[in-house]
Amino acid sequence: MTHPLLDLAPLTAAHFAAIEDRVARLLDTRQDVVIMQGEALLPLEGAIRATAGPGTTALNVITGPYGQTFGNWLRDCGATVIDLAVPFHTAVTAEQIRAAFAEHPEIDFVSLVHAEAATGNTNPVAEIGEVVREHGALFYLDAVASIGAEPVLPDAWGVDLCVIGAQKAMGGPAGVSAVSVSERAWARMTANPNAPRRSYLSLLDWKERWIDAGRTSLLHAPAQLEMLALQACVERIEAEGPQAVMARHAAAAAATRAGALALGGGLEPYVYEAAEAAPVATTLRSPSGVVASELVARALESDPALPLAAGGGALAKEMIRVNHYGSDATPGAVRASLAALGAALSEKGPTVDLDAARRAAEAAWQ
Ligand SMILES: *Cc1c(COP(=O)(O)O)cnc(C)c1O
């Protein structure tokens, strides 16, 4: 008996290339798009190790936990790293980037996370890209949490390395990822003696043995199930329309924010300014005296399928994450999340207004 997940015909090189082209279309890019056979951390690490070295001065923007990781990789590569950390309740501004270049004109690499699902903020990449381009630095962007939830335009924004994953707003698999690579970025890699070669982390291997060879023969057996799932999720986005998918995420964020404020009981948006709050996920600050992870655990007892999580690490005490992305970017998921949080909160003492929260969320969804 054939099994739908197991007895598949091999994925051909032509099919693999066609999926890459579809991802390129989603990014509206003419750059090379390389699909990597692993979670997004694979191209995120591979791109840094390929382009950064002892001669690099990197401006590493930290607006959440991933920025910290990138800084560690950059230092490990021998780069001089200038960390620009902004409080997690806000976004970085193009002015702050401009000031960093003024103080350190030697900066030739900028790493930035577009949207942070872990902290709930989103950064103005278009404006920052202009500053980075004025100074000729290489621009590395983690767009894993923004792709599908808001526009991601590497060509228009001058992004040299734009990494995406399908598991957030694209509603797809976690086991494959992609990176768009500019000509400038390829040139840096080629000139970097320490860039990974003949390695699973290597982007250059894909350039030399896949792209430059006409994409006719794959480097190794493709992750077939993940590739088919990636194709399916891109097809689903194309069918709904990328604009509609993004509008759904923006509406979910607006509804969650408005609903949480109307709920009362001391619950507050974690990111102060709505314009700096990511469409992919909304973070909330738990009222003083209420431990966020306990509140989330209680809410999940009522329905374990709700897209709720506490913040990671030290943030677990004060941060609640509503991960309204992918198939959870719906009015129903937002309503149920607010209701469960409200019920859990009222058990702990604060007075909440569940009706007001529901009405505010509905009004904001429009
Ligand atoms: C989710 C995410 C990733 C991927 O990491 P996982 O923890 O494996 O999901 C990378 N970067 C950002 C900004 C993300 O939000």
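Order of listing sets the numbers, starting from 1, for every ligand and every atom in it. In this chain, numbering begins with 1 at the start of the sequence shown.
In this structure, the side chain of Arg248 engages the main chain of Ala329 through a donor-acceptor pair within 3.5 Å. Formation of a donor-acceptor pair under 3.5 Å by the Asp155 side chain with backbone atoms of Arg30 is found in this model. When atom types are taken as modelled, the side chain of Thr351 and the backbone of Ser346 share no donor-acceptor pair closer than 3.5 angstrom. Within the 3.5 Å criterion, the main-chain N or O of Thr56 finds no donor-acceptor partner in the side chain of Asp108.
Between Glu240 and Arg236, no side-chain nitrogen of the basic residue sits less than 4.0 Å from a carboxylate oxygen of the acidic one, so the salt-bridge criterion is not met.
Between Leu112 atom CG and Asp142 atom CG the span is 8.5 Å, to the nearest 0.5 Å.
Residue Ala174 does not touch ligand 1, judged by heavy-atom distances below 4.0 Å.
Compare Glu39, Gln167, Lys168, Glu116 by their heavy atoms: the one nearest to atom 15 (O) of ligand 1 is in Lys168.
Residue-ligand proximity, Asp142 to ligand 1, at heavy-atom distances under 4.0 Å covers atoms 10 (C), 11 (N), 12 (C), 13 (C). Close approach of ligand 1 to Val113 (heavy-atom distance below 4.0 Å) involves ligand atoms 13 (C). Listed by number with element, the atoms of ligand 1 under 4.0 angstrom from any heavy atom of Ala145 are 15 (O). For ligand 1, the atoms sitting less than 4.0 Å from at least one non-hydrogen atom of Ala117 are 15 (O), numbered in the order shown with element in parentheses. Counting atoms of ligand 1 from 1 in the listed order, those under 4.0 Å from a heavy atom of Ala115 are 13 (C).
Residue Gly64 places no heavy atom under 4.0 Å from ligand 1. Contact annotation: His114 has no heavy atom less than 4.0 Å from any atom of ligand 1.
With Phe70 as the partner, the side-chain contact (heavy atoms from CB on, under 4.5 Å) test is satisfied by one option alone out of Val113, Val61, Val81: Val113.
Protein heavy atom in closest approach to atom 7 (O) of ligand 1: Tyr66 OH, 2.7 Å.
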